[in-house]
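This report refers to the structure that appears directly beneath it.
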Protein chains: 4
Amino acid sequence: MTDRQPSRRGRPRDKRTHDAVLAATRAILLEHGYPALTIEAVAARAETARTTVYRSWPTKGELVLDAAGDDIAIGVVPDTGSTRGDLEIAVRQLTEAFSRRIVAIVMLAVIANLDDDPSMARTFRDKTVYPWRSSAAAALERGVARGDLPAETDVQFLLDVIVGTVFQRTVINAIPATDGLPAAIVDLVLDR
Amino acid sequence: MTDRQPSRRGRPRDKRTHDAVLAATRAILLEHGYPALTIEAVAARAETARTTVYRSWPTKGELVLDAAGDDIAIGVVPDTGSTRGDLEIAVRQLTEAFSRRIVAIVMLAVIANLDDDPSMARTFRDKTVYPWRSSAAAALERGVARGDLPAETDVQFLLDVIVGTVFQRTVINAIPATDGLPAAIVDLVLDR
Amino acid sequence: MTDRQPSRRGRPRDKRTHDAVLAATRAILLEHGYPALTIEAVAARAETARTTVYRSWPTKGELVLDAAGDDIAIGVVPDTGSTRGDLEIAVRQLTEAFSRRIVAIVMLAVIANLDDDPSMARTFRDKTVYPWRSSAAAALERGVARGDLPAETDVQFLLDVIVGTVFQRTVINAIPATDGLPAAIVDLVLDR
Amino acid sequence: MTDRQPSRRGRPRDKRTHDAVLAATRAILLEHGYPALTIEAVAARAETARTTVYRSWPTKGELVLDAAGDDIAIGVVPDTGSTRGDLEIAVRQLTEAFSRRIVAIVMLAVIANLDDDPSMARTFRDKTVYPWRSSAAAALERGVARGDLPAETDVQFLLDVIVGTVFQRTVINAIPATDGLPAAIVDLVLDR
DNA sequence: ACTTAAGCGAGACGGTACGTCTCGTCTTAAC
DNA sequence: GTTAAGACGAGACGTACCGTCTCGCTTAAGT
């Protein structure tokens, strides 16, 4: 994710070192959170030199997102033929993802750097939110097509409602997700 | 705001210095954001010593929240007799507040420090969110009493929907608030 | 030597730390030479922080010259009434000084930084060479007045002969100084 | 110049690269001095890889002396039949050499590394000082044989006087060499 | 009016982390 | 077997802030 064209010239990256750095990053994030994630600490934990870390990941943002890897993926909403079913799956995917410690930590990091390093937010969105969001949008549109939702439905608005509510609950208020939440959200969106 | 018992003996705090520090803090927050807010920079801008800042505000969180002062207040939802009217006012208060630059900056700071400095989040909640939230809860409960909302309504859940949606729109997605947003949210909550 | 006006404001310098740094510097210079003198090593040996060293001595040159202190002084040529006697003392002072390990090390450091940090050379000259050189010039001038040296004597040239020869012998060629050297040099200068 | 047996097997060294490195070294020495001479900079300027430099010149000293090449030669004192004439030529050769920017730079580098890298000093001596010094010694000995110098003359001492004085004047004090200097030095050595 | 506790400014202290530079070595593909 | 390319671990650089700690000076309330 980091190297553009992995250039065939010169000594290749040492995969074991590379992986050790990513593992160290994940460990520190999970154990102590993003504010404690210093390049110094990562290098020490990975038993390598600080310069080696800088070589592959010029910014902390890139390191964090690379280290998080697929652990922060949210998923893609399927098309089961049922609007309510699809949406319940969609919300469940979201609550499940936002409840994962690593996801919450990375989101807080992204927010902390929002106007400092906007590229981090962009990467996070592209890697994580976008696939879910566009497939969820498709599910809502199918619902509109089927007549389960009014024709004038503002899909993006509903997505913000869903994401915002789940974020508020699980991350900000740290309320453990229950089965009730997805149902309640879907009710809100559909039943009217 | 910070010291418990302001002891009658000795030289009293210098109000002009105190205010200069708060002004410097606000200025830096607005001009460069929270990550650039160092005690060093605040003291320099206020033309005072670092120690003077530390004396009154042991942590950056306290300083920021004290400096933001009433600029981050959201307001209290009135009782106009109309459920829809009250809620529209409530949402409008929220969008207006979250659209203020200083509020967004402080909220992002609070969230970034969520598990690093939970006291900051608590203070922010108490000073800012709680008054609005409890009065908005009252409005919803009046709505239930009036029969505008079903008896089994989960008030806290609806508040999370409202807050989460507005936060998502205005702060995360940075979509300029329009009149349509409050109406849409109220529709979502009421019409069913 | 480092602080201009020792400013009465603020916390005073910690003399023990200060002295420890100078002692560490001297020790490293004598044990490992100037190229091994890193601020890192000095701080470690003095058991203090790197920043503390930088605070008092912005450049390595200032640190070295301050640490060497009076150990690199050469002395002042006396006026005993005898031209030959004064000159022999003068040359002996020089050979003795240039034979001291600390002096040789500092001179090499000064030379290494000649065009990199000319201020170091200047300070070294002022502290060390100048007092000797001006008093030796006086001795030569007394010799001219007495008729022990020709009236047209180029005093500065003779001083360069003396300094250059001693430097060449003791520092460059590392020939242990013998009593013969001062005598030979004085003969060269006087007997003609 | 550096590698022992230039092995017949495999790809031969690229002469153009080799020369480019030496040229880059000379350029950096003249433009920025010895302290700025990093292998990094040399390789960059020669548009080659760092490793290529290391392969041919394991130490900076070898590189510098190889790059300086004949530009730091001093010359050999001729035998013209006249003691005074030979010595004047000898001193003139020395002042001319020490006045060359590249010579001064290399000499300062050699001196700065005196006890750090003694092999550099040795090589410099052998390549540069020794030919001049032994031929100048011969000139002095011819002078003794002719009776122009006393029988008990310490030839090595006089050579140190000459070298030391010229070094002091031209390199340390950076006094532009005049015709007067050689004459004055020869007078000092001969007239007595 | 005099004492005196506390605030103020200045600045030193030990410390952590930064991001960069250079080192000398090592590993690979290409020639 | 050299060359170009570039990664590697290492170490030092000089800087920015941190939060703490003296200091001498100032200020006003309480005696």
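Residue numbering restarts at 1 for every chain, and letters A, B, ... go by the order of the sequence lines. Quantities reported herein were computed from a predicted structural model and do not represent experimental measurements.
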**Item:** Side chain of A/Y54 (C-beta onward), nearest among F/dC21, E/dA6, E/dG19
**Value:** E/dG19
**Item:** Of the listed nucleotides F/dT15, F/dC23, F/dC17, the one nearest the side chain of C/P12
**Value:** F/dC23
**Upstream residue (5' side of DNA chain E) when A/A41 and B/A49 are each assigned their closest nucleotide** = B/A49
**Request:** May I ask you to evaluate whether D/T17 reaches the phosphate of F/dA4, defined as a side-chain N or O under 4.0 Å from OP1 or OP2?
**Result:** yes
**Asked** Is the base of F/dG14 touched by the side chain of C/R50 through a donor-acceptor pair closer than 3.5 angstrom?
**Response** yes
**Whole-Å gap separating P (F/dA10) and CD (A/E40)** = 13 Å
**Message:** Is there, by distance only and without an angle test, a donor paired with an acceptor across the side chain of A/R11 and the base of E/dC26 below 3.5 Å?
**Reply:** yes
**Prompt:** Backbone N or O of C/I39 within a donor-acceptor pair of the C/K60 side chain at under 3.5 Å?
**Reply:** no
**Request:** Tell me which nucleotide among E/dG14, E/dA12, F/dG9 gets nearest to the side chain of A/R55.
**Result:** F/dG9
**Message:** Just checking C/E47: does its CD atom have more than 12 heavy atoms from other residues, nucleotides or ligands closer to it than 6.0 angstrom?
**Reply:** no
**Most 5' of C/K60 and D/E47 on DNA chain F, judged by nearest nucleotide** = D/E47
**Item:** Any B/T52 side-chain N or O less than 4.0 Å from OP1/OP2 of E/dG9
**Value:** yes
**Request:** Check every atom of F/dA4, F/dG11, F/dC8 against the side chain of A/R9 and return the nucleotide holding the closest atom.
**Result:** F/dA4
**Prompt:** Side chain of C/R13, base of E/dG11: donor and acceptor closer than 3.5 Å?
**Reply:** no
**Prompt:** Base, sugar-phosphate alone, or nothing: which one does C/T48 contact when heavy atoms must sit under 4.0 Å apart?
**Reply:** sugar-phosphate
**Complete:** Among the nucleotides E/dC8, E/dC13, F/dG9, whichever has the atom closest to the side chain of C/D14 is E/dC13
**Message:** Under 4.0 Å, heavy atoms only, any strand: does A/T51 hit a base, just the sugar-phosphate, or nothing?
**Reply:** base
